[in-house]
Each structure stands twice: as C-alpha cells, then as structure tokens.
Number of protein chains: 2
Amino acid sequence: MKLTITEIAKLAGVSKSTVSKIINNYDDIGAETRGKVLKIMEEYGYRPTYSAQSLAKKVSNVIGVIYAGKINSDLNHPFFIEVLNAFKKVIGVEGFDLLFFSNERFNPNGEDYLARCRHYNVDGCLIIAGGEIEPSIKKLDESDIPCIGVDLELTGEHSAYIMTDNEQISTLVVDYLYLEGHREVAFIGGLPSSPISEMRADAFERGMTACGLTIRQEWMKHGDFFEQSGYERMTELLEEKDIPKAIFAVSDLMALGAIKAIRDHGYNINDFAIVGCDDILAARYSDPPLTTVKQDKEKIGHMAAMMLKDMIKDHGKPGAVKVAPELVIRSSSRIKKINS
Amino acid sequence: MKLTITEIAKLAGVSKSTVSKIINNYDDIGAETRGKVLKIMEEYGYRPTYSAQSLAKKVSNVIGVIYAGKINSDLNHPFFIEVLNAFKKVIGVEGFDLLFFSNERFNPNGEDYLARCRHYNVDGCLIIAGGEIEPSIKKLDESDIPCIGVDLELTGEHSAYIMTDNEQISTLVVDYLYLEGHREVAFIGGLPSSPISEMRADAFERGMTACGLTIRQEWMKHGDFFEQSGYERMTELLEEKDIPKAIFAVSDLMALGAIKAIRDHGYNINDFAIVGCDDILAARYSDPPLTTVKQDKEKIGHMAAMMLKDMIKDHGKPGAVKVAPELVIRSSSRIKKINS
DNA sequence: CTGAAAGCGCTTACAG
DNA sequence: CTGAAAGCGCTTACAG
C-alpha cells in the first residue's frame with residue numbers, strides 16, 4: 001500500500017541515495033535520471049514518511065502551538081483563534097504544519113512543554129498567553145528552540161515576542177472619553193494575575209493623571225474577562241455613593257455585562273458611556289453597539305509567523321514588537337440626551 | 001542536551017531494550033530495575049523522540065485535523081472551532097495531539113490528504129465539512145486510516161460520521177412558526193453546493209407541506225451563509241409583490257443581515273418574525289435578540305472523539321450518528337403589536 | 001553524476 | 001527477568 005524510498009528506487013532502477021537526493025533537491029543529479037524518478041514518484045503518489053525524514057534530518061516542518069495558562073483551556077478564544085488563523089496563513093505557505101499539544105492529561109508536575117517539543121522535534125513554537133504562565137514555558141523559552149510569544153514577554157536567546165501596545169489601548173480610551181467631556185471614569189480590569197490587564201490598568205491611571213482627572217480607588221475594579229464579572233462589578237459601582245458615568249472594561253464581554261447590569265438596575269443606558277476591548281463580533285450587533293478597542297489580530301498573526309520563520313531559518317533574531325490598537329467608536333459611548 | 005535511550009540505559013546500567021520495555025509498560029521487568037530506570041528518566045526529564053518511536057512502532061498518537069473544502073479556509077469558523085474544542089477535550093485525555101494540515105501551498109492537483117496522513121503516520125483523522133468537498137477527501141475516506149466526518153457523510157470501511165439532524169432543524173422551525181400563527185414563510189438557504197443547506201431546504205419544504213402551507217418558489221432563496229447575502233436576499237424579498245412575514249435563514253449571520261435590510265428599507269422589524277441558525281454569540285446580544293437553532297456542538301465534538309478513538313483502538317466501527325438540535329426562542333420571532 | 005554504507009533513536013521478536 | 005541484533009524509512013558524508 002504505502003511505498004518506501006527503496007521501492008521507488010527499485011522501480012526507477014536507481015539507488016535510494018539517488019531518490020533521496022532528488023527529494024531533497026540536490027543539484028548533482030542527471031536531468032534524465034531526475035525526470036524518470038520524479039515521474040515514478042508522481043505516478044505512485046509517493047511522499048517520504050515524516051518520522052523517518054525527521055529522524056534522519058532533525059528537522060520537522062512542524063510548529064508547536066501552545067496556549068499557555070491553565071490546564072484544559074479553550075481553543076475557543078476569539079483573540080487566540082484569530083491570531084492563530086492569520087499565523088497559519090503565513091506559516092502555511094512555508095510548508096509548516098501546526099501541532100496542538102493537548103494538555104488534557106493531568107500532570108502534577110505541570111506539562112513539560114520542552115520535552116514534548118523535543119519529542120516531536122518541532123522547528124519552532126508559537127506560544128499564546130492565557131492566564132497565569134506555568135514555569136514549564138520558561139524552560140522552553142530558555143531552550144534552543146525558536147519561540148515566538150504573543151502577549152507574552154519571551155526573553156530567551158531564541159525567542160521573540162509581539163503584542164498590542166497595551167499602554168496605548170488605555171491612552172486611546174482615556175483621551176477619547178476626556179474629549180467627549182467625561183470626568184468620572186471607572187475601570188474594570190481582568191484578573192490581577194494577568195500581565196496584560198495590569199499593563200492596561202497602569203496606563204489607565206497614567207492617562208487619567210495626564211488628563212488631570214482623579215483616580216478613585218473604589219472605581220478601579222477587577223473582573224475575570226467574562227460577562228458575569230462585568231455585570232457584578234458594574235452592580236457594585238451602581239451601589240457606590242458616587243456613580244461613575246463612563247466605564248472602560250478591558251473586555252467586550254465585561255462591557256456587555258455592565259450594560260446589562262445598568263439596565264437591570266433601572267438606570268438608563270443612555271446616561272452612561274461604555275467602552276469595551278477586543279471588538280468581538282457581538283460588539284457590532286449589541287444593543288447599543290459597543291464602542292471598543294480593536295487589536296490588529298491579522299497583523300499580529302502575520303508578523304508572528306514572519307518572525308518565527310526568520311528565527312528558524314536563522315535570518316537573525318527579531319526583538320520585541322508592539323502593534324498599534326485602534327479605537328472603534330459606536331453608540332455605547334455617546335451619551336444621548338433623548339428625554340431632556 | 002537531549003538524551004537518547006542509549007544514554008539512559010548507560011546511566012542506569014542496563015540495556016536499551018530494557019529501557020524501551022519500561023517505557024512501553026512491558027510487565028516482565030523486575031520491580032527494582034524498573035524503579036531505578038524510572039527514577040533516572042524522571043531525573044533527566046527524558047521523553048522518547050516521536051519520530052523514532054513512530055517509525056519503529058508505526059503508531060503516532062497524532063490525529064490529523066482537516067477542514068475540508070476550499071483552499072485557504074479559515075480556522076475561524078464558530079461551528080468548526082467549538083466542535084474541535086470539544087473534540088480536543090476528549091481525545092486529549094487519550095494522549096493524542098492534534099495536527100492541522102496547512103493547505104496554504106497551492107496545489108493544482110488538490111491537496112493529497114492521504115499522502116500527508118501517511119507522511120505523518122496519523123492514527124486517525126477528523127474531517128469537518130466546509131464548502132465543496134474535494135476528491136482527495138474521498139481517497140482518504142476509502143483508505144485504511146480511521147476517519148470521522150463532521151457534517152460529512154463518510155462511507156469508507158474505516159470511517160464514520162456525525163452531524164446534527166438537519167431535517168429536524170427545519171421541522172422545529174416550521175412547526176414553531178406555524179404554531180405562532182405564521183402562514184407566509186420564506187427561506188434563505190446557503191450555497192446550493194452545500195449538502196447541509198440542501199438538507200435543510202428539503203426538510204423545510206416537507207415541513208411546510210405537512211403543515212398545509214404553500215411553498216412559494218420566489219420565497220426560496222440562496223445566500224452564502226454570510227451577512228451580506230442575507231441582506232441582499234431579504235432586500236429582494238421586500239421587493240416582491242407579496243412580502244413574507246416570517247423568514248428562516250439557515251445561518252445567524254444571514255438572519256442578522258435580513259434584520260438590517262428590513263430596517264434599512266423602512267419597515268418595522270416588529271412586523272417580522274426572523275429565525276436564524278447556529279446560535280452564535282452575537283445572537284444573544286443582537287437587537288432584537290435572535291431566535292435561532294442551536295446545534296449541540298459539545299456533544300458532536302465529544303462523540304466524534306469517542307467514535308474515532310473506538311475505531312483507532314479497534315473497538316468496532318460506529319455508524320452514522322445524528323444529534324438533535326434545539327430551538328432557542330428569543331424576541332426576533334415574536335411579532336410585537338406595539339403601535340396598534 | 002551515482003551508489004554503498006553508516007547512522008538517526010527507537011521497538012520487538014528471539015534467545016538465554 | 002534481561003540483552004543482542006535486526007529493522008523501521010529516510011539522509012548524508014564519502015568514494016568512485
């Protein structure tokens with residue numbers, strides 16, 4: 001059924017060395033021989049076996065994909081999947097396939113990613129941050145395997161990283177709200193353990209200060225990026241003596257939760273300015289449509305692929321790249337004076 | 001840096017055969033020897049190299065994932081990704097990793113999936129349908145590699161498939177609309193080349209007939225599953241002499257497009273009943289929230305994994321499985337008499 | 001321009 | 001209970 005190089009060689013009446021050289025584009029093979037062998041390979045649909053090739057060559061043409069963070073995490077993450085999609089488009093052209101490490105088998109010592117990379121002999125790794133980062137990622141980062149981090153500051157000899165300029169996200173939002181006339185701005189962040197969320201929180205505070213606005217600690221909240229937590233934090237804000245009139249939530253889902261909380265507690269949504277972050281599909285269709293910050297996932301994915309490719313092919317080592325975010329203004333942030 | 005079995009054997013003072021047997025859980029190794037070797041392996045973080053193991057054993061512990069259909073398709077497909085996620089959760093526990101074949105390199109003869117599966121020696125394949133199916137999938141289906149199709153009727157000796165009961169989708173919707181008092185129902189399908197869409201169209205017609213309703217050919221439309229096509233088809237419907245009052249679109253995006261068209265053309269959305277299909281996240285947040293049909297993606301993914309696992313482990317061959325859909329009623333399908 | 005031979009890191013009868 | 005040897009399918013100096 002499955003042909004080997006030996007059989008192809010026999011069929012072509014040459015040695016397997018010759019066949020191998022043709023497969024690997026050596027340039028010292030006679031045109032005639034090459035043509036003959038190529039035809040046979042085509043005819044029988046021959047493809048060298050990966051494991052044999054990888055074992056002999058020490059190259060795999062496979063990129064490991066790791067979603068760093070809590071065990072059993074979801075592929076089903078809008079940012080993750082869009083970045084990955086863009087990444088795949090570029091890296092796929094180079095002939096790399098993608099290997100997803102399953103982390104469903106509970107491992108008390110933490111998943112040893114380095115060992116798995118060696119096990120598969122991957123040429124490089126894409127590591128996307130999600131939640132807390134386990135120590136095993138650090139080990140991989142420090143190894144000789146090229147790694148590209150997304151939203152994750154990799155510092156190893158053979159690593160680089162790329163992320164949205166998180167400072168700018170907060171700056172964009174604060175400046176915009178300030179220009180719209182808002183002075184009472186609350187912040188709903190993600191988990192305190194998330195570096196991304198902390199960068200945004202810090203930049204939010206700096207931006208507020210720069211605009212001469214006061215930061216109220218009781219208006220600085222932490223959620224977990226999901227809707228329910230946005231609902232709960234907003235509910236808390238509504239119970240404060242002073243209620244903020246503008247809210248920046250660092251995820252769209254939390255912003256959507258906040259909108260729901262405002263309505264459920266009998267307030268008029270038109271009296272509040274809500275800004276989310278991510279620009280998920282639902283943000284376009286929500287009621288009201290949600291103002292948000294869009295990350296250039298396409299660019300992040302494409303660049304990550306280029307950078308990783310360069311490291312694998314040894315075209316030097318790229319450094320850290322930050323990608324500019326974009327504010328998408330919809331009606332949730334415009335206070336409408338309908339009944340006044 | 002990277003240890004081999006030979007070195008582990010040396011360190012433990014045994015032969016590599018013995019180490020190999022311990023790795024593979026042979027039961028004829030002395031407890032003492034086993035313990036000693038295990039400790040060394042643990043200490044050095046040894047993991048056998050995949051390619052060597054796969055080459056010698058002819059087993060890979062890797063599942064190939066194929067999104068059948070047009071070249072360069074997106075990972076970024078809500079149904080696909082949720083099914084895959086559920087699939088991964090179950091198959092991951094068995095220790096399988098997932099390999100995504102990139103299909104970005106243009107191949108005039110069509111991607112030869114079978115050759116790639118052999119190249120990587122995958123233990124089995126998950127094939128998810130999207131758009132037209134290329135002939136290369138058929139070859140894979142007929143091979144000895146276990147395949148599980150999602151939304152794709154695989155018929156090979158070593159294949160099985162699973163999908164939502166598409167007939168039931170239409171039946172649920174038609175019956176519901178009928179009970180709500182609707183008699184003028186239009187249908188916006190997907191691409192005519194999509195078997196899934198055709199199943200729904202056929203069942204829609206049967207359901208209408210069963211309810212004693214007349215099917216008007218000018219109300220049977222085809223879109224391409226995306227928003228814009230829903231907008232366009234709805235616009236056409238609004239230009240008919242008789243305008244249907246209820247619309248079943250076979251994707252949520254098209255339903256959302258239809259809602260936009262209705263508003264843009266100056267009609268009152270409350271006079272129409274719109275039903276989508278998929279239950280994407282945006283359906284919950286849209287204005288009005290969208291009535292839709294939900295596929296049990298979790299169950300489909302989980303079952304696909306179990307079925308594939310059974311075929312790989314040779315626990316018999318499962319057949320074709322259909323999963324029941326569920327109608328999710330929101331306000332887009334309830335005609336509100338506000339101004340009358 | 002072509003081929004014989006050693007080697008990649010593992011597994012598996014087989015012998016003891 | 002343990003190990004020597006052949007083999008999995010390929011690649012790559014090296015010799016001619």
Side-chain angles (χ1 to χ4, degrees), chain A residues 1-38 40-41 44-62 95 114-123, chain B residues 1-38 40-41 44-62 95 114-123:
Chain A
M1 183 93 224
K2 160 78 173 160
L3 290 183
T4 71
I5 197 174
T6 312
E7 287 154 321
I8 293 291
K10 205 161 293 168
L11 285 166
V14 299
S15 76
K16 55 182 188 159
S17 310
T18 302
V19 177
S20 176
K21 280 171 196 156
I22 291 170
I23 293 170
N24 293 285
N25 289 313
Y26 278 55
D27 57 6
D28 58 349
I29 300 292
E32 199 181 340
T33 315
R34 151 175 260 106
K36 186 172 60 182
V37 173
L38 244 23
I40 305 236
M41 296 202 317
Y44 289 87
Y46 170 76
R47 276 285 290 268
T49 297
Y50 164 74
S51 43
Q53 222 173 357
S54 163
L55 183 58
K57 286 216 282 200
K58 312 255 172 204
V59 164
S60 65
N61 265 289
V62 167
L114 179 55
R116 300 187 85 181
C117 286
R118 296 224 188 277
H119 174 71
Y120 283 112
N121 222 288
V122 301
D123 290 339
Chain B
M1 181 96 222
K2 160 77 173 160
L3 291 182
T4 70
I5 196 173
T6 312
E7 288 154 319
I8 294 291
K10 206 161 292 170
L11 285 166
V14 298
S15 74
K16 55 180 188 160
S17 311
T18 302
V19 177
S20 176
K21 280 170 195 158
I22 291 170
I23 293 170
N24 292 286
N25 287 313
Y26 280 54
D27 56 5
D28 59 348
I29 300 291
E32 200 181 338
T33 315
R34 150 174 261 108
K36 186 173 58 186
V37 174
L38 245 23
I40 304 234
M41 298 202 316
Y44 290 86
Y46 171 76
R47 275 285 290 268
T49 296
Y50 164 74
S51 43
Q53 220 175 306
S54 164
L55 184 57
K57 285 216 281 201
K58 313 253 171 205
V59 164
S60 65
N61 266 290
V62 166
L114 178 55
R116 300 187 86 183
C117 285
R118 296 224 188 278
H119 173 72
Y120 284 113
N121 221 288
V122 302
D123 290 338

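Heavy atoms only: backbone and side chains are in, while hydrogens, waters and symmetry mates are out. Every chain is numbered from 1, with letters handed out A, B, ... down the list of sequences.
Rounded to an integer number of Å, the gap from Tyr50(B) OH to dT11(C) P is 13 Å. The CZ atom of Arg47(B) sits 12 Å away from the P atom of dC10(C) (whole-angstrom rounding). Rounded to an integer number of Å, the gap from Ile29(B) CD1 to dT12(C) P is 13 Å. Rounded to whole Å, atom P of dC10(D) lies 6 Å from atom CD1 of Ile5(A). For Asn61(A) and dC10(D), the CG to P distance is 16 Å, given to the nearest whole Å. Residue Asp27(A) contributes atom CG, which lies 14 Å from atom P of dT12(D) at whole-angstrom precision.
Just one of Ile23(A), Asn24(A), Val19(A), Thr4(A) meets the side-chain contact (heavy atoms from CB on, under 4.5 Å) condition when paired with Pro48(A); it is Ile23(A).
The residue among Arg34(B) and Lys57(B) whose nearest nucleotide of DNA chain D is located toward the 5' end is Arg34(B).
Aromatic ring pairs are classed by plane angle as parallel below 30°, tilted from 30° to 60° and perpendicular above 60°; the pair Tyr120(B) and Tyr50(A) is tilted.
Summarising the geometry, atom CD1 belonging to Ile5(B) is positioned 11.0 Å from atom CD belonging to Glu7(B); distances are rounded to the nearest 0.5 Å. Separating the CG atom in Asn61(B) from the CD atom in Gln53(B) is a distance of 8.0 Å, to the nearest 0.5 Å. Once rounded to the nearest 0.5 Å, the distance linking NZ of Lys57(B) with OG of Ser51(A) reads 12.5 Å.
Across Arg34(B) and Ile22(B), no two heavy atoms sit closer than the pair CA-CD1, 3.7 Å. Minimum heavy-atom separation, Asn121(A) to Ser54(A): CB-OG, 3.9 Å. For the pair Ser60(B) and Asp123(B), the tightest heavy-atom approach, listed with the atom from each and the gap, is N-OD1, 3.0 Å.
For the pair Gln53(B) and dG9(C), the criterion of a side-chain N or O lying under 4.0 Å from OP1 or OP2 is not met. At the phosphate of dG3(C), OP1 or OP2 sits under 4.0 Å from a side-chain N or O atom of Ser15(A). In terms of phosphate contacts, Tyr26(A) brings a side-chain nitrogen or oxygen within less than 4.0 Å of OP1 or OP2 of dT12(D). For the pair Ser51(B) and dG9(C), the criterion of a side-chain N or O lying under 4.0 Å from OP1 or OP2 is not met. Taking side-chain N and O atoms only, Tyr46(B) has a distance below 4.0 Å to OP1 or OP2 of dC10(C).
Using a 4.0 Å heavy-atom criterion, one finds that Thr33(A) contacts the sugar-phosphate atoms exclusively.
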Which donor-acceptor pairs under 3.5 Å do the side chains of residues 8-16 of chain A make with protein atoms, sequence neighbours left out?
from	atom 1	to	atom 2	distance (Å)
Ser15(A)	OG	Ser17(A)	N	3.3
Ser15(A)	OG	Thr18(A)	N	3.2
Ser15(A)	OG	Thr18(A)	OG1	3.2

Let me check I have this right: for DNA chain C, each base becomes ., (, ), [, ] or |, based on Watson-Crick or G-U pairs with both distances under 3.5 Å. What is the full string? |||.||||||||.|||
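Within residues 16-25 of chain A, the residues having any heavy atom under 4.0 Å from DNA chain C are, by residue number, Ser17(A), Thr18(A), Lys21(A).
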